[in-house]
Amino acid sequence: MTDTYNYDDVKPVQIRSDEPELCQILYDDEYEHTMGILLALMRDKEYSERALHITEQGIELLASHYTIWYYRFEILTTLNKNLFDELDWVEQIALENQKNYQIWNYRQLLVEKIIESGADFSPYREYPLLGEMLEEDVKNHHVWSYRKWLVERFDLFHAPKEVSFVNSKIDEDVRNNSAWTHRHFLLFGKPSLVDETLVNDEVEYVKMKIELCPQNASSWTYLLGIYRRAKKPLGELHEFCLQFANGMAESESTADTDESQDKAEVKSSFALEMLARIYVEQKEIAKAKRAYTLLADKYDPIRKNYWEYQKSVIV
Amino acid sequence: MTKDDINSRYRRRISYLTTLASRSLKINDLRNMDEDTGKLLAMMLDDTYTDPVSVETQTSIDQEETEESITNIYERIGSRKPVKDAFCFEKELHYDYALSSLNSQLPSYFRSLDANHGWMIYWLCNSLDVVSGPDSSWLTEELQGSVRRKIERNISNEGSDGIGGGKGQLGHVASCYASLLSLVIADEYSLLGKLRNHLYSWFLKLKRKDGSFSMHYGGESDTRSVYCVLLSATILGILDERLSEGVIEWLNRCQTYEGGFAGVPGTEAHGGYTFCALASYLLLLKPCDGSLYAQLAKNIDMDLLVRWCVMRQHKAEGAFSGRTNKLVDACYSFWIGASLAMIELALQKSSIFNRDALRLYILNCSQSTHSGGFKDKPGKVVDFYHTNYTLCGLSIAENQFSFISDKDSSQLSFALLVHTSPVRNTQSISPVNPVFGIRMDKVLKCREHAIDKYVSL
Ligand SMILES: [Zn+2]
């Protein structure tokens, strides 16, 4: 397996102890041998072709072994290797190891090093890989985090390509919260680009998505988040919310009669919650309490304690 | 969409509607029952007021599928009379599972955990500790020695290059954290004392200008690495201004527009990172500077944080998801459960979420009554990680939290001043400190050591 290079002079680190130990892993010979040599070379600070070669083998055996990634990076930079080739190699490893996250930090290190060397680097180079990764798992946290880093590092805020990408992900699945989060960063992550027009356009966009799918935590939370950051009064949303929660919170009566229940038309518990917040903001105490009671007893009873708490802190 | 897809969807709809019809009959039975469990099940099974899915997307398809498998389990429980035995806890099985895992030789495919040796020891020792109640007889002198030797193998340069995930590996903050917790659980304070100054110098080397810490040399920094350093430093009694400088400001930036916390500023709010961030505040803030709520509210949006955390509980399943519009998973019983416990501490409220619904999920959907141990959800297999965090989550659900206040300790952080009391008389397992994720009595001992350290500073 290690026929290309000779390691006969290396005394491997004994990763398997002779005495019994807790949680002792019964390594196969290949693994034990490869890791033993690798860790010995690293301890001796050897930065050579054969060391580079064995890190490749190590990573193929266990991609989540963070030590190997660190060592490999040291070797590459010491030997002045072509880092674009390395990016291509890592791409393969990433595709084979969907859940791995060492890879993404490693990629960031590589890209930073490339930029430092003065070479041109286009963030769009990363798009095919990211696209393919999201094919497998459209909510892959590490992939989205890396994508966020690209936006920040290469100042892609409001970049048309990125906006149309995130639009397409939300169109694919309007409940994809990772896409909503990315959208938020893309549009609001650079405060100097945020103005009233943007906020208003965005509010219209979310409203449209809510109309499409009223009981969606992602879009309502996004809407609340925008209002909170822009310090806009929630009252503006009153009419909008009534489309999805009508007939009971409006009633002045706080009595929970069957009659008022019949008038109930709640397509979205989030709309009812938003109404409660609007009434609190507008000091319509009785209506706010009524809305929270409906949430606690009927429309969102799993959070009864929370709704009761919200009711208790209305001043 | 192919014709087959449409047909299978159609079939699913039909079967869904027929179960719904028969369900409503049972729900009325359950609701009229005297038992609390009947009422709980009725609430969870009732979907009269749940809006039918208007637009089908991958998220709603996955959600419906998971919900269906769990609802079936709850319906079975609901049709048993009496429904009392919905909360069976197989203590001995879990004890045996953890102890035998600790002592057995693991087959070669376990090499996937080869960079997590400290973690395995923490997950399994902690499971044993939590499951055993106040009894510590599992911790024999021989086992204590084995834990110490196992951790010692992974120490790099006496600790001044940290503790790695295995022998010869690079020091890693999360491995260090798990290793130190293992030593606290195993009562190996002499080794902790030896590591103290060395680890301090290592943490300083990992400190970044923005206030956070790198996970290892050349590694990433996130709320997880921050929490692991702060907790390790608390155990060792070395959490000083040099280490804590700028941390709060950095954490504040990690709260997202949703209210939860992300790993780094600008990414998605996530249960694990939210736990790490919130626990970090409790490790940094002290009662001598005001109430926990007032200090948190000065730094972050508490209203949105509370909202995001309670929104993680799913009605039909009772368990928590880790992100908005994702599926429930038993390990969040701790990550979100402990976050909610910390929120309850800040709000001075005894219960802000539905503890019984969480217990119902843990004991009926996550607990394995064959092999022992706990799994993510039905259809998955048990593992060390889920066993530990589900047990810790169960403990959170069985307890309520408050702060002890005494004058000697006002210089200590809130994390060391948590007090628990059982929610109900029948307690399955030990109370766990929501910041440390280990037994309360073990934290108490830690605190005594910490008080000594601060006195000697
Ligand atoms: Zn999990």
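Note that the coordinates shown come from a computational prediction; the quantities given were computed from them, not determined experimentally. Just the heavy atoms: all of them, side chains too, but no hydrogens, waters or symmetry mates, feed the values below.
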Self-check item: Residue selection (most heavy-atom pairs with chain A, distance under 4.5 Å) from B:Gln313, B:His270, B:Gln58
Solution: B:Gln313
Self-check item: Which of B:Leu102, B:Asn354, B:Asn325 touches chain A most, by non-hydrogen pairs under 4.5 Å
Solution: B:Asn325
Self-check item: Part of A:Tyr227 lying under 4.5 Å from any heavy atom of chain B
Solution: neither
Quiz item: A:Glu308, A:Glu273, A:Glu32, A:Arg147: which one forms the most heavy-atom pairs within less than 4.5 Å of chain B?
Solution: A:Glu273
Self-check item: Within the 6.0 Å centroid threshold, strictly below: A:His141 and B:Tyr273
Solution: yes
Self-check item: chain B contact via A:Arg277 - which portion, at a heavy-atom distance below 4.5 Å
Solution: side chain
Quiz item: By a 4.5 Å heavy-atom criterion (distance strictly below it), what part of B:Thr256 contacts chain A: side chain, backbone, both, or neither?
Solution: backbone
Quiz prompt | Segment of B:Val147 engaging chain A (4.5 angstrom heavy-atom cut-off) | solution = both
Quiz item: When you check the gap from the basic side-chain N to the acidic O, do A:Glu19 and B:Arg149 get nearer than 4.0 Å?
Solution: no
Practice problem: Tell me, for A:Phe73 versus chain B, whether the close heavy atoms (under 4.5 Å) come from the side chain, the backbone, both or neither. | Solution: neither
Quiz item: Is chain A contacted by the side chain of B:Asn116, its backbone, both, or neither, given a heavy-atom distance below 4.5 Å?
Solution: neither
Quiz item: What part of B:Met215 lies closer than 4.5 angstrom to a heavy atom of chain A: side chain, backbone, both or neither?
Solution: neither
Quiz prompt | Region of A:Arg43 in contact with chain B, defined by heavy-atom distances below 4.5 Å | solution = neither
Quiz item: Which region of B:Lys349, side chain (C-beta onward) or backbone (N, CA, C, O), has a non-hydrogen atom less than 4.5 Å from a non-hydrogen atom of chain A, or is it both or neither?
Solution: side chain
Quiz item: With only heavy atoms counted, which part of A:Trp180 is less than 4.5 Å from chain B, the side chain, the backbone, both or neither?
Solution: both
Practice problem: Go through the atoms of A:Leu109 and report whether side chain, backbone, both or neither lie under 4.5 Å from a heavy atom of chain B. | Solution: side chain
Quiz item: Is a side-chain donor or acceptor of B:Lys167 paired with a backbone partner of A:Gln14 at a separation under 3.5 angstrom?
Solution: yes
Self-check item: Proximal component of A:Leu26, with respect to chain B [non-hydrogen, under 4.5 Å]
Solution: both
Quiz prompt | Working for salt bridge (charged side-chain N to carboxylate O under 4.0 Å, His left out), residues A:Lys139 and B:Asp62 | solution = CA-CA 13 Å; A:Lys139 297 178 183 176; B:Asp62 295 345; over 6 Å; no
Quiz prompt | Part of B:Leu40 within contact of chain A (heavy atom distance under 4.5 Å) | solution = neither
Self-check item: Matching residue for B:Glu220 among A:Tyr101, A:Tyr106, A:Tyr66, A:Trp104 - test: side chain to side chain contact (heavy atoms under 4.5 Å, CB included)
Solution: A:Tyr101
Quiz prompt | Side-chain donor or acceptor of A:Asn305 paired with backbone N/O of B:Phe353 under 3.5 Å | solution = yes
Quiz item: For A:Ser178 and B:Glu268, does a side-chain donor sit closer than 3.5 Å to a side-chain acceptor?
Solution: yes
Quiz item: Contact part of B:Arg323 toward chain A, heavy-atom cut-off under 4.5 Å: side chain, backbone, both or neither?
Solution: side chain
